[in-house]
Amino acid sequence: MGLTRNRRKKEPEIVIARDTESSSSEEEEEEDDDDYPLSESEKGDEAVKIELEKSKAKGKAPITVKLKKVCKVCKQPGHEAGFKGATYIDCPMKPCFLCKMPGHTTMSCPHRVVTDHRILPTSHRNTKNPIDFVFMRQLQPRIPPIKPPYVIPDQVHCAVIRYHSRRVTCLEFHPTRNNILLSGDKKGQIGVWDFAKVYEKSVYGNIHSVQVNNMRFSPTNDDMVYSASSDGNIGYTDLETGTSSTLLNLNPNGWQGPTTWKMLYGLDINSDKGLVLAADNFGLLHIKVVGLDCNPVHPELLLSCGNDHFARIWDMRKLQPGESLNDLAHKRVVNSAYFSPSSGTKILTTSQDNRIRVWDSIFGDLDSPSREIVHSHDFNRHLTPFKAEWDPKDASESLIVVGRYISENYNGAALHPIDFIDSSNGQLVAEVMDPNITTITPVNKLHPRDDVLASGSSRSLFIWRPEEKTEMVEEKEKKEKKIVICYGDSDKKGKKQKRGSDDEDEDDDMFSSKGKNIKAKAKTTKSTRRTKA
DNA sequence: AGAGAATGCACCC
DNA sequence: TGGGTGCCCTTCTC
């Protein structure tokens with residue numbers, strides 16, 4: 001298909017006269033001459049002239065350095081890629097960064113939903129024209145006659161905390177206590193945050209030694225949580241005390257090299273059968289199984305996904321290699337696969353080919369997905385993998401949330417929104433973003449009961465809520481001077497507030513509206529931990 | 001303020 | 001076939 005990455009083994013020769021940038025040039029320059037001979041075609045290219053004025057006192061003539069304008073992506077002259085202000089210009093020699101098809105760039109991609117943020121407020125974008133609606137009803141007569149309105153957390157208001165020293169890898173809401181958010185990070189720490197009492201948090205660093213990949217609460221004891229980690233352990237932790245026991249250790253003999261080291265990724269609980277399920281990097285089929293999901297209605301059904309490009313449906317009673325009930329093919333690694341939260345009949349997957357796939361019924365034709373939604377969430381080794389997740393409160397089982405990789409220019413700021421998508425039609429229902437949050441937000445979780453979205457972005461956690469609730473919180477926090485609410489278009493407020501705070505030196509917490517402006521005083525933890533390879 | 005580091009996947013031979 | 005190589009929008013720290 002059109003998904004090859006068009007790699008060029010041999011890059012064209014680049015000659016940059018007097019270039020200071022040495023890291024990107026692969027070949028050693030023997031010649032130091034300024035007069036780089038331009039070919040006929042290249043002569044038309046504008047050469048950038050940088051005039052370096054040596055000290056005026058010495059009265060030396062300015063030195064003119066010619067830099068050939070070269071694309072930093074494909075290393076070819078004649079065009080440039082990269083940020084122009086807040087807008088990223090794609091390299092035209094590469095396939096579209098969004099849909100991966102050649103022949104156009106992200107800017108002109110037909111799958112690019114947003115074209116101008118200055119004209120259309122996001123909330124208006126979900127208006128369907130009546131004909132579309134009727135048409136859709138005819139095509140899908142089984143959708144609920146009136147979709148319950150989505151309640152999307154207001155993008156303007158959020159709360160921020162930073163206590164992780166590595167990037168956030170997973171989030172989980174407490175099953176009964178509404179304001180408790182659990183977060184795991186790349187270092188193996190697990191945080192418990194009471195986001196109503198903003199300052200109340202605990203961080204447990206002794207449960208795992210490397211990244212936490214998934215967490216699940218015990219169905220029988222609200223205070224106990226299971227966690228799967230790349231250290232090969234399943235921890236079983238009391239959140240009140242932080243005391244943890246090891247339910248499973250796949251590496252009892254310690255580190256014997258990367259070929260034997262086992263890592264646990266997928267984790268889910270089958271309460272019907274009283275099982276805790278976990279998948280390691282070798283898996284039953286000797287592939288890395290990264291996700292697991294038990295069907296909420298049919299306890300014998302299990303869904304797995306991984307880097308073999310498949311999501312697979314299993315019968316719990318027949319978990320043998322090659323015995324899966326269905327194999328759902330993808331073009332790239334599958335980051336996540338989830339049954340729909342109430343009926344369990346739909347499947348939602350996120351794949352690194354920049355497509356979200358939806359199967360409308362596990363009892364129907366599973367040969368190909370019911371829909372593929374092109375969405376920017378593909379792979380970057382420095383980011384926690386994106387996972388599109390269902391809204392557990394949406395009775396129609398169509399609303400999903402997923403972070404976006406590529407940025408858009410929002411009034412001069414390059415931001416990466418969190419997208420709410422109606423998975424029944426692929427429509428972008430809302431984008432949540434804040435000018436103070438400039439980092440990418442791959443980890444998102446919708447609250448099981450409240451209209452709350454929790455997000456993990458780099459090392460920070462965000463709670464987004466509807467405006468009414470937030471204003472209460474906001475008032476409270478203003479008094480306490482403990483948190484800064486992020487305002488949609490004035491980060492000044494937030495900064496002032498933080499600067500005025502007397503609590504700055506209290507501990508290594510980070511309550512800020514803009515991590516960039518306020519340096520964390522978190523202990524700089526030397527990464528002495530062993531990595532897997 | 002600019003370099004360096006962390007480190008997953010795909011492609012290549 | 002497996003190790004070597006390179007990577008298009010990262011983010012933080014020094």
Side-chain angles (χ1 to χ4, degrees), chain A residues 3-11 20-24 26 71-76 79-100 102 105-107 109 112 162 164-169 185-187 210-211 213 230 258-259 263 265 281 287-288 290 306-309 330-335 351-354 376-386 403-409 413-417 437-442 456-460 510 514-533:
Chain A
L3 296 177
T4 51
R5 297 184 59 171
N6 278 7
R7 283 226 181 131
R8 245 168 276 268
K9 183 71 187 174
K10 280 281 173 209
E11 303 291 356
T20 49
E21 185 186 320
S22 56
S23 60
S24 64
E26 289 164 9
C71 173
K72 69 170 185 183
V73 175
C74 71
K75 314 280 198 298
Q76 288 186 331
H79 65 274
E80 278 183 308
F83 276 103
K84 272 234 155 40
T87 305
Y88 190 91
I89 310 296
D90 272 4
C91 169
M93 308 302 286
K94 295 277 184 171
C96 171
F97 192 62
L98 174 55
C99 74
K100 308 298 179 194
T105 63
T106 309
M107 292 295 271
C109 179
R112 188 163 172 264
R162 183 151 93 162
H164 286 287
S165 59
R166 295 281 166 155
R167 70 180 198 234
V168 174
T169 50
D185 73 14
K186 198 89 175 53
K187 199 186 169 198
V210 289
Q211 76 192 64
N213 289 312
S230 291
T259 50
M263 298 177 270
Y265 283 82
N281 54 319
I287 43 111
K288 188 205 290 177
V290 294
N307 67 353
D308 65 343
H309 303 189
H330 295 68
K331 295 200 181 75
R332 297 277 166 180
V333 168
V334 190
N335 289 344
S351 171
Q352 292 182 6
D353 65 355
N354 262 2
S376 173
H377 56 248
D378 55 327
F379 176 76
N380 178 315
R381 73 191 132 154
H382 307 292
L383 300 175
T384 304
F386 291 84
R404 196 193 302 173
Y405 186 3
I406 52 174
S407 62
E408 291 284 346
N409 182 347
L415 303 177
H416 311 263
I437 300 171
T438 55
T439 49
I440 293 171
T441 309
S457 186
S458 185
R459 292 158 44 180
S460 299
M510 261 285 296
K514 192 162 186 172
K516 268 189 173 174
N517 291 334
I518 303 142
K519 295 285 179 206
K521 286 201 290 302
K523 308 150 199 153
T524 47
T525 43
K526 294 284 171 232
S527 61
T528 48
R529 69 190 168 80
R530 177 197 54 229
T531 45
K532 64 182 167 62

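Each chain gets a letter, A, B and so on, in the order its sequence line appears, and its residues count up from 1. Computation of the quantities below employed the complete heavy-atom set of this structure, encompassing side-chain atoms and omitting hydrogens, waters and symmetry-equivalent molecules.
- Taking atom NZ of A:Lys186 as the reference point, atom P of C:dT11 lies 15 Å away to the nearest angstrom.
- Comparing C:dT13, C:dC8, B:dC11 by their nearest atom to the side chain of A:Asp90 picks out C:dC8.
- When rounded to the nearest whole Å, the span between CG of A:Asn213 and P of B:dG8 equals 10 Å.
- Separation of the A:Phe97 and A:Tyr405 ring centroids falls under the 6.0 Å cut-off.
- Side chain to side chain, A:Ser351 and A:Arg332 fail the donor-acceptor criterion of an N or O pair below 3.5 Å.
- As judged by a 4.0 angstrom heavy-atom cut-off over every strand, A:Ile440 is placed among residues touching the sugar-phosphate backbone only.
- Each of B:dC11, C:dC12, C:dC9 was ranked by its minimum atom distance to the side chain of A:Phe83; first place goes to C:dC9.
- A donor atom on one side chain and an acceptor atom on the other are not found under 3.5 Å apart for A:Gln211 and A:Asp185.
- Between the C1' atom of C:dC7 and the CZ atom of A:Phe379 lies a distance of 9 Å, rounded to the nearest Å.
- Going from atom CG of A:Asn307 over to atom P of B:dC11 covers 13 Å, rounded to whole Å.
- Atom name P, nucleotides C:dT13 and B:dT7: the rounded distance is 15 Å, in whole Å.
- Rounded to an integer number of Å, the gap from A:Phe386 CZ to B:dG8 P is 16 Å.
- Rounded to an integer number of Å, the gap from A:Lys94 NZ to C:dG6 P is 13 Å.
- Looking at A:Asn213 and A:Ser230, their side chains do bring a donor and an acceptor atom within 3.5 Å of each other.
- Distance from the side chain of A:Arg162 is smallest to C:dC12 among B:dA6, C:dT10, C:dC12.
- Closest-nucleotide positions on DNA chain B for A:His309 and A:Arg381 were compared, and the one nearer the 5' end corresponds to A:Arg381.
- Which of C:dC9, C:dT11, B:dA10 sits closest to the side chain of A:Arg332 comes down to B:dA10.
- To the nearest angstrom, P of B:dA6 lies 16 Å from CG of A:Asn380.
- A side-chain N or O of A:Asp90 and one of A:Thr106 form a donor-acceptor pair less than 3.5 Å apart.
- Taking atom CG of A:Asp378 as the reference point, atom P of C:dC8 lies 11 Å away to the nearest angstrom.
- In the set B:dC9, C:dT11, B:dG8, the nucleotide with an atom closest to the side chain of A:Thr439 is C:dT11.
- Using a 4.0 Å heavy-atom criterion, one finds that A:Ser407 contacts the bases of the nucleic acid, with or without backbone contacts as well.
- Applying the 4.0 Å criterion to OP1 and OP2 of B:dT7, one finds that A:Arg167 has every side-chain N and O outside that range.
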